[in-house]
Amino acid sequence: QAQLVESGGGLVQAGGSLRLSCVAPGLHFSLNDMGWYRQAPGKQRELVANILSTRRRNYAESVKGRFTISRDNANKTVTLEMNSLKPEDTAVYYCYRKYGSAVQWGQGIQVTVAS
């Protein structure tokens, strides 16, 4: 499978917004489950949000109402819109692609929210 290409992220003040995008080249994107994990310093990696091949969405409780995940099957892209960001959202965010039992990971992009 081709590499996942992540973009977005950076430094933002608390209350601000960022948008993360992940392009997943290859075959059968519409059949894949897509999503984002994050890992903050000293903490375990956690699921932030995903969007399944059925288009069902799931969110971590901590981001519900603030983050929105979407997918564009024609462009093979998954997007995470992050609003009302908090300092505790600071982490490295990893895009993933799940097909069957296999999982492919992006390189990770830094999101830093200043207080």
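Remember, predicted model here, so these are calculated numbers, not experimental data.
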- Query: What heavy-atom pair brings Ser17 and Ser84 nearest, and what distance separates the two atoms?
  - Reply: OG-N, 4.3 Å
- Which ILVMFWY residues can you reach from Tyr96 by hopping between side chains whose heavy atoms are under 4.5 Å apart? Tyr37, Leu47, Val92, Tyr94, Val103, Trp105
- Heavy-atom count around Gln39 CD within 6.0 Å, excluding the residue itself: above 12? yes
- Task: Look only at the side chain of Glu6 and the backbone of Gln107, and say whether a donor-acceptor pair between them is shorter than 3.5 Å.
- Result: yes
- Task: Please write out which residues are connected to Met34 in a hydrophobic cluster, directly or through intermediates, given that two of Ile, Leu, Val, Met, Phe, Trp, Tyr count as joined at side-chain heavy-atom separations below 4.5 angstrom.
- Result: Val12, Leu18, Leu20, Phe29, Trp36, Val48, Ile51, Tyr59, Val63, Phe67, Ile69, Val78, Leu80, Met82, Leu85, Tyr93, Ile109, Val111, Val113
- Audit row: Asn73, Arg55, side chain to side chain contact (heavy atoms under 4.5 Å, CB included) steps and yes/no: CA-CA 10 Å; Asn73 287 344; Arg55 300 180 182 175; 4.2 Å; yes
- Query: Among all residues two or more places apart in sequence or in another chain, which pass the salt bridge (Lys or Arg N to Asp or Glu O under 4.0 Å) test with Arg19?
  - Reply: Glu81
- Item | Check: Pro25 main-chain N/O paired with Arg97 side-chain donor or acceptor under 3.5 Å | yes
- Counting only N and O atoms by type, is there a donor-acceptor contact under 3.5 Å from the side chain of Arg71 to the main-chain atoms of Leu52? yes
- Message: For Leu4 versus Cys95, what's the shortest heavy-atom pair and its separation?
- Response: CD1-O, 3.7 Å
- Message: Working to the nearest 0.5 angstrom, can you tell me the gap between Asn58 CG and Asn50 CG?
- Response: 4.5 Å
- Message: Please give me the minimum heavy-atom distance between Arg38 and Ser62, naming the atom from each residue.
- Response: NH2-OG, 3.4 Å
- Query: What pair of heavy atoms forms the shortest contact from Ala40 to Ala91, and how long is it?
  - Reply: N-CB, 3.7 Å
- Any donor-acceptor pair under 3.5 Å linking the side chain of Lys98 with the backbone of Gly100? yes
